[in-house]
Amino acid sequence: MKNYKTIILSNQEISPGYYRMRLLTPGFSETARPGQFLMMRVQQSLPPLLRRPFGIFRTGFLPADCEGMPPKEYTEILYKVVGRGTNIMADLHRGDKVEVLGPLGRGFDVGDPSEEKILVGGGIGLVPLYMLAESLASRCKVRLLMGGRTRDDILAVTEFERLGVETYVSTDDGSLGEEGLVTRVLERKLDKYPRSSVYACGPMPMLEAVYRICHRRQVPLQVSLEALMACGVGACLGCVVKGVGHTEESPRYLCSCKQGPVFRADQLDWSRLGEEPGYCEGCKS
């Protein structure tokens, strides 16, 4: 974990209301793992007071500005404009200064590389799945199921396909790909590939449906939870969720930013998940 006072390399709208931001982050890719996130201070003045959490989409290198200089290392995030913080971010430009803390949290366990993998992303929830797909694609068969309300919610299809990932798209209104819920596609794929492991990130209703499908079939599942986070390092306890076995007499809370955001599905109390006041349904504002 490192605090970067850095600059924006680019900030572009890639779909109505969705943006891709590239940040200069020397040394970041050495420690960043699939499923981790960063906390961004969107401006130096107040408000907003708190940093905003964003999943890490990918890291990479750009050519050096001149001969003899090292290449420029960058980190990319994808975000949706949903509140005050992301509205400020949408107005930022190349060269603007921001402050970033990361990489943070516990990422995905890639598991047995010989097993086939199914990744399920709902809307902006596909963000942490790119680095996971990148790490798996050369070692095993990877299938990505992308879902959204409309075609505007389907992002970065080309990037995943360039990795060699077998990609399936579904939208609620049928404006792109198959019409219907992404969980319907998941059921069909598990019928055909029952020994796959599943990794998912997206809105809570989608995650609950994915959990029910995988639990019924005894399929291993890891989920990345999207929660409102104030600190990102486990100090404020504002992003806790209830773990399996939780009772009022013997509470068992799990901190999304420190013990997650990625959890094995069997670690969580799905009957109470999402009840916490700090829980955010599919967005990081």
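If you're wondering where the values come from, they're calculated on a predicted model, not measured in any experiment.
- The side-chain hydrogen bond (donor to acceptor under 3.5 Å, both in side chains) search around Y18 returns D153, not counting sequence neighbours.
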Evaluate T86 against F54 for side-chain contact (heavy atoms from CB on, under 4.5 Å), listing each step before the verdict.
CA-CA 10 Å; T86 43; F54 297 96; 4.0 Å; yes

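- For the ring-ring contact (aromatic ring centres under 6.0 Å, His included) condition, the pairs that include at least one residue of residues 144-167, sequence neighbours left out, are Y130-F160.
- In this structure, Y74 shares a hydrophobic cluster with I7, L9, L24, L62, the cluster being traced through Ile, Leu, Val, Met, Phe, Trp and Tyr side chains under 4.5 angstrom apart.
- For K258, there are no side-chain hydrogen bond (donor to acceptor under 3.5 Å, both in side chains) partners, not counting sequence neighbours.
- Not counting sequence neighbours, the partners of Y4 by the ring-ring contact (aromatic ring centres under 6.0 Å, His included) test are F28.
- Around the CZ atom of R217, the shell of radius 6.0 Å holds more than 12 heavy atoms that belong to other residues, nucleotides or ligands.
- A donor-acceptor pair shorter than 3.5 Å can be found between the side chains of N11 and Y79.
- Under the 3.5 Å distance criterion, with hydrogens and angles disregarded, a donor-acceptor pair is assigned to the side chains of Y168 and K189.
- A salt bridge does not link D112 with R139: every distance from a Lys NZ or Arg NE/NH1/NH2 to an Asp or Glu carboxylate oxygen is 4.0 Å or more.
- Here V244 sits alone; no ILVMFWY side chain lies under 4.5 Å from its own, so it joins no hydrophobic cluster.
- Applying the salt bridge (Lys or Arg N to Asp or Glu O under 4.0 Å) definition to pairs two or more places apart or across chains, those involving residues 15-34 are R20-E76, R20-E159, R22-E76.
- Under the 4.0 Å criterion applied to side-chain N and carboxylate O atoms, E187 and R212 are not assigned as salt-bridge partners.
- Under the salt bridge (Lys or Arg N to Asp or Glu O under 4.0 Å) criterion, the residue pairs touching residues 116-129 are E115-K117, E116-R143, with sequence neighbours excluded.
- In summary, K72 and D65 engage in a salt bridge, as defined by a charged side-chain N under 4.0 Å from a carboxylate O.
- Scanning for side-chain hydrogen bond (donor to acceptor under 3.5 Å, both in side chains) contacts around Q36 gives an empty result, with sequence neighbours left out.
- There is no side-chain donor-acceptor pair under 3.5 Å between Q222 and D109.
- Every residue two or more places apart in sequence or in another chain that forms a salt bridge (charged side-chain N to carboxylate O under 4.0 Å, His left out) with R188 is listed here: E178.
- Under the side-chain hydrogen bond (donor to acceptor under 3.5 Å, both in side chains) criterion, R252 pairs with no residue at all, not counting sequence neighbours.
- Judged by a 6.0 Å distance limit and a 45° cone about the ring axis, K242 is not positioned over the six-membered ring of Y253.
- Heavy-atom neighbours of R216 CZ from other residues, nucleotides or ligands within 6.0 Å: above the threshold of 12.
- Residues passing the ring-ring contact (aromatic ring centres under 6.0 Å, His included) test with F108 are Y199, sequence neighbours excluded.
- Of the N and O atoms on the side chains of S29 and T59, not one donor lies less than 3.5 Å from an acceptor on the other residue.
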